[in-house]
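All remarks here apply to the structure that follows.
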There are 2 protein chains.
Amino acid sequence: MMKKLQITAQQIMQAALNIAAEKGAGKVTLDAVAKASGLSKGGLLYHFPSKEALISAMVQHLLDDAEKNRCSLAESESSVLVSLLKARRVFTQAVAGNTAMAILAAAAEHPTLLQPIQQHNKKVLAEVLSDPATELETMLLMLASEGLIFQELLSISPFSEAQKTTLEQYMINRAQELTT
Amino acid sequence: MMKKLQITAQQIMQAALNIAAEKGAGKVTLDAVAKASGLSKGGLLYHFPSKEALISAMVQHLLDDAEKNRCSLAESESSVLVSLLKARRVFTQAVAGNTAMAILAAAAEHPTLLQPIQQHNKKVLAEVLSDPATELETMLLMLASEGLIFQELLSISPFSEAQKTTLEQYMINRAQELTT
DNA sequence: AAAACTGTACCGACCAGATGGTACAGTTAT
DNA sequence: ATAACTGTACCATCTGGTCGGTACAGTTTT
């Protein structure tokens, strides 16, 4: 049988993301998300039993996305670090400016929700440090990549588009040199 | 005799910072801040006519602090970049983990409040790029420094203390090499 | 096959507590 | 006295969340 038009979890998360991007992270309330996703509050809370659950799912989703992206790039790249840097570029473009700021801010209310991000970071770090000889240089490039992400996320980057592009290329070059 | 005004403003901001650090950014409410700073809500709103004003002041204060710190270090350092990196170390230690997370999250509700941070970043960038020959390397180190700050701010750093210390030293060394 | 039942997806009214903010009367310092 | 300051009481609004109920597809019982 044909399923009725059901609002999926993904649609709800997308709606929440949109609200965050358009009106700021503080405006991501259950009422607002419900309305934006075409549900009543009751219906929304049927899918996500609490706001915390919603935000947690959003964080997880974002992380999964980033990871998937990175893995698909990793196949065509020799170095883990290079794929990480390239994935970052795609990532920040996808979340364009402030889409994911929501998650940061909302998660800040429940700092525990940021834990998966730390775990993810740890995993990536371990992977990237497979060659201990270039440890410091590698960590430096990872950090710079993080810096770029956060500046973009919060829209506080002092760099021009041109500078960012040049920087990205420079970082990738450096990373490639490490493996040669 | 002694005017209490200035002291009080600072005390209030400190109280707000403490709440953020202890209970999370979302718990920084006017009631909570008033109680923590030992005055009533009326008193609090006398000093800061709105919550936005309070947060704005906190952001400004933090920036001023960082700037003052950096300037005092700049006197004893040859390179602007080196002093920036050293200032960062002091900064993250001072705000210890999540003290300033408050500002990030609270400001996310009013994204405009983050603007001074961007301006500050731009100013620093311009200053640091006084030597255009090493532009890319300089920006890379700046970015890595930012990355370190944000990871610390949100408590999502994957690095061990030892790794962080080593990294810091490595970055400073690199910065010093740039000027020689 | 009709009736009874079950589970999923959803709605809308409602609630207790929190929140930012106001009004205003009282107190203190100069 | 008067300006600077503080405290109490209060309010409109919002927030996350509960709850009873509905529609309806599929399943089981009779």
Side-chain angles (χ1 to χ4, degrees), chain A residues 1-20 22-59 102-113, chain B residues 1-20 22-59 102-113:
Chain A
M1 281 290 147
M2 288 278 294
K3 281 182 193 167
K4 280 236 165 174
L5 286 180
Q6 284 175 22
I7 283 121
T8 67
Q10 243 127 19
Q11 282 176 310
I12 294 173
M13 291 190 277
Q14 191 56 53
L17 241 38
N18 288 344
I19 292 169
E22 286 160 25
K23 301 187 176 178
K27 299 287 172 65
V28 181
T29 66
L30 292 185
D31 288 278
V33 174
K35 202 150 99 185
S37 55
L39 276 174
S40 68
K41 197 146 83 169
L44 169 61
L45 283 163
Y46 173 80
H47 289 281
F48 297 98
S50 70
K51 188 186 182 179
E52 199 174 325
L54 168 62
I55 293 178
S56 173
M58 287 166 73
V59 172
I103 296 181
L104 272 186
E109 289 188 35
H110 272 274
T112 324
L113 295 176
Chain B
M1 295 295 284
M2 291 269 293
K3 282 207 172 181
K4 289 205 301 183
L5 177 67
Q6 275 177 332
I7 300 166
T8 310
Q10 225 126 336
Q11 280 176 326
I12 292 172
M13 291 190 277
Q14 190 57 53
L17 243 38
N18 289 343
I19 292 169
E22 286 160 25
K23 300 187 176 178
K27 297 288 170 62
V28 181
T29 67
L30 292 183
D31 287 279
V33 173
K35 203 153 116 189
S37 55
L39 41 75
S40 66
K41 198 149 86 167
L44 168 61
L45 282 164
Y46 176 80
H47 289 283
F48 297 98
S50 71
K51 190 186 182 181
E52 198 174 326
L54 167 63
I55 293 178
S56 174
M58 284 166 74
V59 172
I103 296 180
L104 271 185
E109 290 190 34
H110 272 274
T112 323
L113 295 175

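Not measured: the values here are computed from a predicted model. Here is how names work: the chains are called A, B, and so on, in the same order as the sequence lines, proteins then strands, and each is numbered from 1. FYI, side chains are in, hydrogens and waters are out, and symmetry mates aren't considered; it's all heavy atoms of this structure.
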Requested in this report: Only counting residues at least two apart or in another chain, list the ones meeting side-chain contact (heavy atoms from CB on, under 4.5 Å) with A/Lys27.
Outcome: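 So A/Lys27 forms a side-chain contact (heavy atoms from CB on, under 4.5 Å) with A/Ile19, A/Lys23.
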
Query - Any residue meeting side-chain contact (heavy atoms from CB on, under 4.5 Å) with B/Ser50, in chain and number order, not counting sequence neighbours - result: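 Checked B/Ser50 against side-chain contact (heavy atoms from CB on, under 4.5 Å); matches are B/Glu52, B/Ala53.
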
Query raised in the report: Toward the 5' end of DNA chain D, which comes first, A/Gly26 or B/Gly43, by nearest nucleotide?
Result: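 That would be B/Gly43.
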
Query - Short side-chain donor-acceptor distance under 3.5 Å, B/Glu22 and B/Asn18 - result: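 Short answer, no.
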
Please report, rounded to the nearest Å, how far the [atom2] atom of [N] is from the [atom1] atom of [X].
| X | N | atom1 | atom2 | answer |
| --- | --- | --- | --- | --- |
| A/Lys51 | D/dG16 | NZ | P | 4 Å |
| B/Leu45 | D/dA4 | CG | C1' | 16 Å |
| B/Lys27 | D/dG16 | NZ | P | 13 Å |
| A/Leu54 | D/dG16 | CG | C1' | 12 Å |
| A/Ile12 | C/dA9 | CD1 | C1' | 11 Å |
| A/Glu52 | D/dT15 | CD | P | 18 Å |
| A/Leu44 | D/dG16 | CG | C1' | 11 Å |
| B/Gln11 | D/dT6 | CD | P | 10 Å |

Report task. Return no unless some side-chain N or O of B/His47 is found under 4.0 Å from OP1 or OP2 of D/dT6. Result ->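 It does, given that an N or O in the side chain of B/His47 lies less than 4.0 Å from OP1 or OP2 of D/dT6.
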
To the closest 0.5 Å, what do you measure between [atom1] ([X]) and [atom2] ([Y])?
| X | Y | atom1 | atom2 | answer |
| --- | --- | --- | --- | --- |
| B/Lys35 | B/Thr29 | NZ | OG1 | 9.5 Å |
| B/Leu17 | B/Ile12 | CG | CD1 | 13.0 Å |
| B/Gln11 | B/His47 | CD | NE2 | 9.0 Å |
| A/Leu45 | A/Leu54 | CG | CG | 9.5 Å |

Query - Shortest non-hydrogen contact from B/Gly24 toward A/Pro111 - result: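 Heavy atoms of B/Gly24 and A/Pro111 come nearest at CA-CG, 4.3 Å.
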
Query raised in the report: Where do A/Ser37 and A/Val33 come nearest, in terms of heavy atoms and distance?
Result: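 That closest heavy-atom pairing would be OG-O, 2.7 Å.
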
Report each atom pair, protein N/O against N/O of nucleotides 24-27 of chain C, whose distance is under 3.5 angstrom.
none

I'd like a list of close polar pairs between nucleotides 21-23 of chain D and the protein, N/O only, cut-off under 3.5 Å.
none

Query raised in the report: Distance-only, no hydrogens or angles: does the B/Lys51 side chain make a donor-acceptor pair with backbone N or O of B/Val28 under 3.5 Å?
Result: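 A pair under 3.5 Å: yes.
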
**Report entry** salt bridge (Lys or Arg N to Asp or Glu O under 4.0 Å) against B/Lys41, all qualifying residues, sequence neighbours excluded
**Finding:**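 Only B/Asp31 meet the salt bridge (Lys or Arg N to Asp or Glu O under 4.0 Å) criterion with B/Lys41.
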
Requested in this report: Strictly below 4.0 Å, heavy-atom distances to any atom of DNA chain C: list the hits from residues 29-42 of chain B, or just say none.
Outcome: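 B/Thr29, B/Leu30, B/Lys41 - these, ordered by number, are the residues of the stretch whose heavy atoms sit under 4.0 Å from the strand.
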
Query raised in the report: Nearest to the side chain of B/Tyr46, which nucleotide is it out of C/dG21, D/dC5, C/dC10?
Result: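 Output: D/dC5.
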
